[in-house]
Amino acid sequence: DAKTTQPNSMESNEEEPVHLPCNHSTISGTDYIHWYRQLPSQGPEYVIHGLTSNVNNRMASLAIAEDRKSSTLILHRATLRDAAVYYCILRHTPGYNAGNNRKLIWGLGTSLAVNP
Amino acid sequence: DAGVIQSPRHEVTEMGQEVTLRCKPISGHDYLFWYRQTMMRGLELLIYFNNNVPIDDSGMPEDRFSAKMPNASFSTLKIQPSEPRDSAVYFCASSLPGTDTQYFGPGTRLTVL
């Protein structure tokens with residue numbers, strides 16, 4: 001299974017942009033890159049996902065390297081509420097037709113602290 | 001929608017007792033996932049179901065763990081007998097047909113003394 005590597009922790013200041021990196025050098029062609037985050041004492045929540053192209057939504061942007069071996073989650077203006085553990089996850093697909101495979105491979109994530 | 005509902009939110013039990021964790025997925029979701037989270041091992045997928053049928057139970061640690069999904073709106077994770085090393089937060093998640101996004105419940109914090 002393809003793995004992801006993330007820094008254990010990062011720190012940011014409120015209202016500044018945050019770039020959270022993720023390495024996935026063994027990613028396969030059909031692996032989607034997902035980002036979730038987990039606020040303190042809560043279950044993980046979906047942030048964004050992509051395959052090859054950069055993606056934007058109301059929460060964040062996802063920048064995917066051309067060779068797909070790394071990606072970056074971008075929070076454009078960090079708030080105190082963004083303090084959480086951020087997980088970069090690959091969706092394991094054994095083949096082109098994933099069928100009913102919905103397994104996500106989780107790492108340990110990056111703990112983001114946001115300073116006021 | 002109320003989101004994924006888990007009960008109980010906290011469970012404290014003694015070693016050797018049976019523990020049953022419950023999950024109600026979001027209505028209309030056809031996938032249900034059970035996870036375990038500890039400081040040492042992070043978030044581990046235990047088992048997941050599609051349309052009430054177990055698809056992958058390779059993460060279930062041993063025979064003491066069992067999971068069922070008798071209908072589309074209810075699932076249980078049972079540990080019998082429980083051991084102190086089972087202490088963790090157990091999450092249930094569900095997802096819509098045709099999508100990968102998983103919606104997590106608030107979790108059950110299990111402490112086995």
Side-chain angles (χ1 to χ4, degrees), chain A residues 1-9 22 27-28 30-52 55 57-60 62 73 84-111, chain B residues 1-7 9-10 21 23-26 29-60 69 88-110:
Chain A
D1 293 339
K3 304 291 185 189
T4 62
T5 303
Q6 299 177 255
N8 290 333
S9 61
C22 180
I27 191 171
S28 68
T30 54
D31 281 344
Y32 282 77
I33 303 158
H34 293 249
W35 284 82
Y36 283 72
R37 72 179 186 181
Q38 187 172 18
L39 301 173
S41 300
Q42 295 188 25
E45 65 175 346
Y46 168 82
V47 177
I48 201 167
H49 78 281
L51 182 62
T52 56
V55 184
N57 66 21
R58 65 175 179 81
M59 289 181 71
L62 175 60
L73 179 71
V85 177
Y86 287 79
Y87 296 95
C88 171
I89 303 155
L90 301 182
R91 181 201 166 198
H92 174 63
T93 54
Y96 178 76
N97 181 6
N100 58 9
N101 186 321
R102 291 291 185 272
K103 187 172 184 175
L104 299 180
I105 304 168
W106 297 74
L108 294 178
T110 296
S111 180
Chain B
D1 200 315
V4 175
I5 299 172
Q6 292 188 246
S7 65
R9 293 293 308 276
H10 301 273
L21 311 181
C23 175
K24 177 179 169 55
I26 295 172
H29 285 198
D30 65 344
Y31 278 85
L32 184 139
F33 306 80
W34 281 103
Y35 289 90
R36 176 173 69 176
Q37 187 173 38
T38 61
M39 290 291 292
M40 292 297 293
R41 299 174 68 90
L43 199 61
E44 303 173 276
L45 176 65
L46 300 177
I47 185 172
Y48 71 97
F49 297 82
N50 177 217
N51 291 321
N52 314 335
V53 176
I55 302 301
D56 186 342
D57 65 354
S58 59
M60 295 286 264
M69 192 165 186
V89 180
Y90 290 81
F91 289 103
C92 176
S94 66
S95 65
L96 278 164
T99 73
D100 285 326
T101 302
Q102 296 184 16
Y103 296 83
F104 282 76
T108 295
R109 181 173 295 278
L110 173 66

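Sequence lines set the chain letters: A, B, ... in the order given, protein chains first and strands last, and positions in each chain run from 1.
Only the side chain of B:F91 comes within contact range of chain A, judged by heavy atoms closer than 4.5 Å. Interface remark: B:D56 contributes side-chain atoms only to the contact with chain A (heavy atom separation under 4.5 Å). In this structure, chain A has heavy atoms under 4.5 Å from both the backbone and the side chain of B:L43. For chain A, no part of B:R109 is nearby; none of its heavy atoms comes within less than 4.5 Å.
Between B:F104 and A:W106, the ring center distance clears the sub-6.0 Å criterion.
The two residues A:H34 and B:D100 have their closest heavy-atom pair at CE1-CB, 3.3 Å.
Atoms OH and CG, on B:Y35 and A:L104 in that order, are 5.0 Å from each other to the nearest 0.5 Å.
Using a 4.5 Å heavy-atom cutoff, the side chains of A:Q38 and B:Q37 are in contact.
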